[in-house]
> 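If you scroll down you'll find the structure; I have some questions about it.
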Amino acid sequence: MTPEQHQEAADRLLKAEQTGQQCGLLSLAYPGMTLDDAYAVQQALIRQKLASGRKKIGWKIGLTSRAMQQALNITTPDSGVLLDDMAFENGATVPAGRFIQPRVEAEIAFVMKSPLAGADCTRADVLAATDYVAPSLEILDTRILRADPDTGQPRIITDTISDNAANAGLVLGAERHAPDAHDLRWVGAITSRNGTVEETGLGAGVLNDPVTSVLWLARRMAEYGQQIEAGDIVLSGSFIRPIECPPGTEIAADFGPFGSVSINFA
């Protein structure tokens with residue numbers, strides 16, 4: 001793809017978000033699209049949003065579970081950018097019409113106290129750079145159709161990455177923990193929708209350790225001359241399947257001693 005095509009694809013995504021009308025699969029519109037192309041589209045999209053006054057507050061990591069990687073026939077996670085208007089208060093209600101097809105995942109969030117980057121970054125570096133970890137929910141949305149209506153072809157990884165890794169929002173729980181206070185592999189959540197348990201999972205579902213997920217991000221960013229900044233929120237990846245959230249949905253995630261977090265959809 002050319003830089004002009006990267007911008008064209010980003011414009012399609014922005015229009016879909018603004019109108020609430022999903023666009024077609026970018027993987028069909030741009031055959032041969034690579035992962036680098038997809039991240040270039042994502043960067044073009046984020047540049048436009050930053051130019052409109054939004055601010056970056058962190059990063060999300062996706063496709064960290066083995067099941068999701070196998071579903072998309074990939075062997076690596078992906079990442080997206082968190083912006084200030086994506087943050088919702090714990091227990092808040094998302095206004096009707098804010099998202100197109102929202103879904104929610106339960107995750108462990110890392111909040112950083114110092115920059116982190118480098119191809120030689122280590123697990124100890126991640127822990128040293130982390131201010132605290134907290135229970136969180138990620139709100140997913142898709143500005144791209146989940147499948148092409150004519151061919152039935154589903155979205156693939158290049159579609160997802162272009163679409164800012166399907167990120168739309170985040171919710172942090174009130175609890176704060178030192179990153180080494182818990183074995184994060186064993187931190188899990190019971191996630192309910194309208195009072196019914198829908199999903200359960202453990203942190204080990206995220207690359208066997210959520211710290212490994214943040215380490216992957218730091219090393220990947222080094223390839224692009226980027227770094228995780230002090231103050232950034234990093235969503236380390238979901239350990240449950242996405243839960244559909246049509247209007248009237250109430251989501252509550254019980255992380256046990258680690259805390260709790262909830263969000264509602266009008």
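In this chain, numbering begins with 1 at the start of the sequence shown.
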> By side-chain hydrogen bond (donor to acceptor under 3.5 Å, both in side chains), which residues pair with E17, not counting sequence neighbours?
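Testing E17 for side-chain hydrogen bond (donor to acceptor under 3.5 Å, both in side chains), a comparison that skips the adjacent residues, returns K49.
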> Would you list the atom pairs, donor with acceptor, under 3.5 Å between side chains in residues 88-97 and any protein atom, with sequence neighbours excluded?
from, atom 1, to, atom 2, distance (Å)
N90, OD1, S262, N, 2.9

> Hey, are R103 and D141 close enough for a salt bridge, meaning a charged N less than 4.0 Å from a carboxylate O?
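Looking at D141 together with R103, the answer is no, because their closest N to O distance does not fall below 4.0 Å.
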> Quick one about D254 and S260 (side-chain donor to acceptor, distance below 3.5 Å, no hydrogens or angles considered), yes or no?
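No donor-acceptor contact under 3.5 Å links the two side chains.
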> Indicate yes or no for a side-chain donor-acceptor contact from T151 to the backbone of Q153 under 3.5 Å, with no hydrogens or angles considered.
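Checked: pair present.
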> Any luck finding a side-chain donor-acceptor pair between E175 and Y132 under 3.5 Å?
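Side-chain D/A pair, E175 to Y132: absent.
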> Pair R220, Q226 - check side chain to side chain contact (heavy atoms under 4.5 Å, CB included), show working.
CA-CA 9 Å; R220 190 198 74 77; Q226 301 172 315; 4.2 Å; yes
> Passes side chain to side chain contact (heavy atoms under 4.5 Å, CB included), L13 versus C23? Steps please.
CA-CA 7 Å; L13 291 167; C23 66; 4.1 Å; yes
> Taking the six-membered ring of F265, is NZ or CZ of R98 closer than 6.0 Å to its centre and within 45° of its axis?
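Checked: cation-pi criterion not met.
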> Could you check whether the rings of F258 and H177 sit parallel, tilted or perpendicular, using 30° and 60° as the cut-offs?
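Ring orientation, 0 to 90° scale: parallel.
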> Side-chain atoms of residues 107-118: list all donor-acceptor pairs with protein atoms under 3.5 Å, sequence neighbours left out, distances to 0.1 Å.
from, atom 1, to, atom 2, distance (Å)
E107, OE1, G237, N, 2.9

> Say you draw a straight line from CG of L63 to CG of L207; how long is it, rounded to the nearest 0.5 Å?
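Rounded to the nearest 0.5 Å, the CG-CG separation comes to 10.0 Å.
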> Using side-chain hydrogen bond (donor to acceptor under 3.5 Å, both in side chains) as the criterion, list what pairs up with R146, not counting sequence neighbours.
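R146 satisfies side-chain hydrogen bond (donor to acceptor under 3.5 Å, both in side chains) with Q101, E244 only.
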> Would you say Q22's side chain and T142's backbone share a donor-acceptor pair under 3.5 angstrom?
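Yes, because the side chain of Q22 sits within donor-acceptor range (under 3.5 Å) of the backbone of T142.
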> Quick one, L137 and I251 - any side-chain contact, counting heavy atoms below 4.5 Å?
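Contact flag for L137/I251 side chains = yes.
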> Within the distance-only criterion (no hydrogens, no angle test), does the side chain of R176 pair as donor or acceptor with the backbone N or O of G173 below 3.5 angstrom?
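Yes.
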> Evaluate the side chain to side chain contact (heavy atoms under 4.5 Å, CB included) criterion for residues Q48 and L14: first the C-alpha distance (whole Å), next the side-chain angles of each, then the deciding distance (0.1 Å), finally the verdict.
CA-CA 9 Å; Q48 287 183 258; L14 193 61; 3.5 Å; yes
> Please answer whether the main-chain N or O of S27 pairs with a side-chain N or O of D159 as donor and acceptor at a distance below 3.5 Å.
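Yes, the answer is positive, given that a donor and an acceptor are paired below the 3.5 Å cut-off.
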> Are any non-hydrogen side-chain atoms of V214 and I228 less than 4.5 angstrom apart?
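In contact.
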> Taking all heavy atoms of S79 and all of Q42, pick out the closest pair and write down the distance.
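Scanning both residues completely, I find the closest heavy atoms to be O-NE2, 3.0 Å.
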> If hydrophobic clusters are built by linking Ile, Leu, Val, Met, Phe, Trp and Tyr wherever their side-chain heavy atoms come under 4.5 Å apart, do I157 and V206 end up in the same one?
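Yes, one cluster joins them.
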> Under a 4.5 Å side-chain heavy-atom rule over Ile, Leu, Val, Met, Phe, Trp and Tyr, are V133 and V126 clustered together?
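Linked, V133 and V126 end up in one cluster.
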> Are L140 and I46 connected, step by step, through hydrophobic side chains (Ile, Leu, Val, Met, Phe, Trp, Tyr) whose heavy atoms are closer than 4.5 Å?
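Looking at the clustering, I46 is in a separate group from L140.
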> Tell me if a side-chain donor or acceptor on K55 pairs with a main-chain N or O of L83 at a distance below 3.5 Å.
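No: the side chain of K55 does not pair with the backbone of L83.
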> Could you list the residues that satisfy side-chain hydrogen bond (donor to acceptor under 3.5 Å, both in side chains) with D209, not counting sequence neighbours?
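Checked D209 against side-chain hydrogen bond (donor to acceptor under 3.5 Å, both in side chains); matches are R123.
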> Are any non-hydrogen side-chain atoms of I190 and E199 less than 4.5 angstrom apart?
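Counting from C-beta outward, I190 and E199 never come under 4.5 Å.
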> Hey, is the main chain of R185 close enough, under 3.5 Å, to the side chain of D183 for a donor-acceptor pair?
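Checking the backbone N and O of R185 against the side chain of D183, a donor-acceptor pair under 3.5 Å is found.
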> Taking NZ, NE, NH1 and NH2 as the nitrogens, is one of them in R193 or E250 under 4.0 Å from a carboxylate oxygen of the other?
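Salt bridge: no.
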> Not counting sequence neighbours, which residues clear side-chain hydrogen bond (donor to acceptor under 3.5 Å, both in side chains) with T191? List them please.
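Scan of T191 (side-chain hydrogen bond (donor to acceptor under 3.5 Å, both in side chains), adjacent residues dropped) gives none.
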> State yes or no: do V81 and Y224 share one hydrophobic cluster built from I, L, V, M, F, W and Y residues joined by side-chain heavy-atom distances below 4.5 Å, directly or via other members?
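Hydrophobic grouping puts V81 with Y224.
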> May I ask whether L25 and I161 are part of the same hydrophobic cluster, defined by side-chain heavy atoms of I, L, V, M, F, W, Y residues being less than 4.5 angstrom apart, directly or through others?
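No; tracing contacts between hydrophobic side chains, which count when under 4.5 Å, never links both residues.
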> Test H6 against every option in D36, D37, L45 by the side-chain contact (heavy atoms from CB on, under 4.5 Å) rule and name the one that passes.
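Running side-chain contact (heavy atoms from CB on, under 4.5 Å) over D36, D37, L45 with H6 returns exactly one hit, D37.
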